[in-house]
Amino acid sequence: MKKEKVILTGDRPTGKLHIGHYVGSLKRRVELQNSGEFDKIFIMIADAQALTDNVDNPEKVRQNIIEVALDYLACGIDPAKTTIFIQSQIAELCELSFYYMNLVSVSRLQRNPTVKTEIQMRNFENNSIPVGFFTYPISQAADITAFKGTVVPVGEDQKPMLEQTNEIVRRFNHIYGETLIEPEILLPDNAACLRLPGLDGKAKMSKSLGNCIYLSETAEELQKKVKSMYTDPDHIRVEDPGKIEGNTVFTYLDAFCRPEHFERYLPEYANLDELKAHYQRGGLGDMKVKRFLGAIMEEELGPIRERRKELEKDIPAIYEMLRKGCETAREVAAETLSEVRSAMKINYFEDMSFIDEQAKRFQE
Ligand code: TRP
C-alpha cells in the first residue's frame, strides 16, 4: 500500500494569530491544502497544550479557540479539505501520551531546547515547573502520531519537538514493532519568514512583547503599526546611508514583497535589490519605504480581514464546523490507538490466542 501523505499541525489558542504565524506557517498550509498532494490534512487548536503554561488563565484559552478558528478560515483553510479540531476533545491523545512517557527520560526533556528557553522565559521558580508543561513534547508526539502525520509544517522553534517525536517513534517501533510513522518537519523556505521579527525589530513577534501585527488588525491600525516600525537608528536624514541588516522594514519586505508590487506601488524601482541599494547609498527616506510596505501588507491582509468579518456573523456555524472536525479527528485517533494497543499487546480481551495461551500455561 502506498504510504499516505498526511499533514498534521496546530497552534496554541492563546491569542489571535499574527503575521508571524501567517508567513511562518499559515500561508504555506493553505498552499499545501490547495496543492491536492495530500491524502489528509489536520489542523489542531492545541487548547490542552496551551493550558500547560496558562494554568492561571484557562478562560484566555477558552476565549481564543474561536479567534484562532476564525483566523484559519479567513486565511483560506477550507473545512471541506482540512479537518480543524480541538485537542482537548480527543481523549485518545492522553492515552497515547501516557504510554509514550515511558519512552522518554527526564534528562532528555531537560535538554529539549524549546522547553529550556520556555522555562527561562516564563520564569518558573526552579522547582515549580508543572509536570504537564515539562512533558508537553511527549503530548505533542501523541498529537502527530495519532494522525499518522508525515509532514508537519511549523516554525523553526518546533524543530526540537519533531526530533523528540521521531525519537519516540523509533523507540516505540523498536520495542513493539513497526507501528508509528516518523514525521518530517516542513519549514518556511524564505529566511525572513522563518523568524519574522516584531515591530521593534528585537525578538520574534509575540503577544507578551506587544510587537505584533494581527491578522484581524484594522486597515488604520495596520498602517499605524507599519509607520512605527524599527528601522536603522543611524539613518537620521534622508541623505544618510542606511543599513538593511536588522532593519525590520526590509525584513518584512523580504517576507512579503514580490516583483509585481513594484509595478503597482513603486514603479521607479525594478525590484527589491534596487530599493535596498538606494537605501544603503543614502537618499531614500524611511517613510517612503514604509508607505510601500504598508501598501503591500494591505493588499495581502485586506482580503483576510474582510473574510474574517463575514465569518464573524455566524459564530455558531464555526463551532458546528469544529464539532464535526473533532468527530472526524477522534475516529482517526481511535484507530491509531487501537493499533498501538495491539502492538503493545495490551488488547487482552480482543486477543483470543492470548487467553488460550494463558489457559494452557495453567493446565501444564
Ligand atoms: N507547539 C505548537 C505551538 O506552540 C502547537 C502544537 C501542539 C503543534 N501540538 C502540535 C504543532 C503538533 C504541530 C504539531 O504552536
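Read the numbers this way: they start at 1 and go in the same order the structure lists the ligands and their atoms. Only heavy atoms go into these numbers, but all of them, side chains included; no hydrogens, no water, no symmetry mates.
Close approach of ligand 1 to V154 is summarised as follows: ligand atoms under 4.0 Å from at least one heavy atom of the residue are 11 (C), 13 (C). Each of the following atoms of ligand 1 lies closer than 4.0 Å to a heavy atom of A46: 7 (C). Close approach of ligand 1 to L8 (heavy-atom distance below 4.0 Å) involves ligand atoms 12 (C), 14 (C). Those atoms of ligand 1 with a heavy atom of M44 less than 4.0 angstrom away are 7 (C), 9 (N), 10 (C).
Using a cutoff of 4.0 Å between basic side-chain nitrogens and carboxylate oxygens, E59 and R62 are scored as salt-bridged. Ion pairing of D351 with R341 is absent here, as no side-chain N (NZ or NE/NH1/NH2) approaches a carboxylate O to less than 4.0 Å.
Side chains of R237 and D240 form a contact here, defined as non-hydrogen atoms less than 4.5 Å apart. Considering only heavy atoms from C-beta on, F172 comes within 4.5 Å of M344 through its side chain. Side-chain contact check for H261 versus F256: every heavy-atom pair is 4.5 Å or farther apart.
Polar contact check, Q158 against ligand 1: a nitrogen or oxygen pair lies under 3.5 Å apart. The distance criterion of under 3.5 Å between nitrogen or oxygen atoms is not met by D11 with respect to ligand 1.
Checking R12, E118, Q49, M161 against atom 6 (C) of ligand 1, the nearest heavy atom belongs to Q49.
If you look at Y176 and Y99, their ring centroids are not closer than 6.0 Å.
Rounding to the nearest 0.5 Å places CG of L96 at 9.5 Å from CG of D143.
When non-hydrogen atoms are compared, ligand 1 lies under 4.0 Å from the side chain of I144 (C-beta onward) but not from its backbone.
Closest to atom 8 (C) of ligand 1 among all protein heavy atoms lies Q140 NE2, 3.4 Å. Here the heavy atom of the protein found nearest to atom 9 (N) of ligand 1 is D143 OD2, 2.8 Å.
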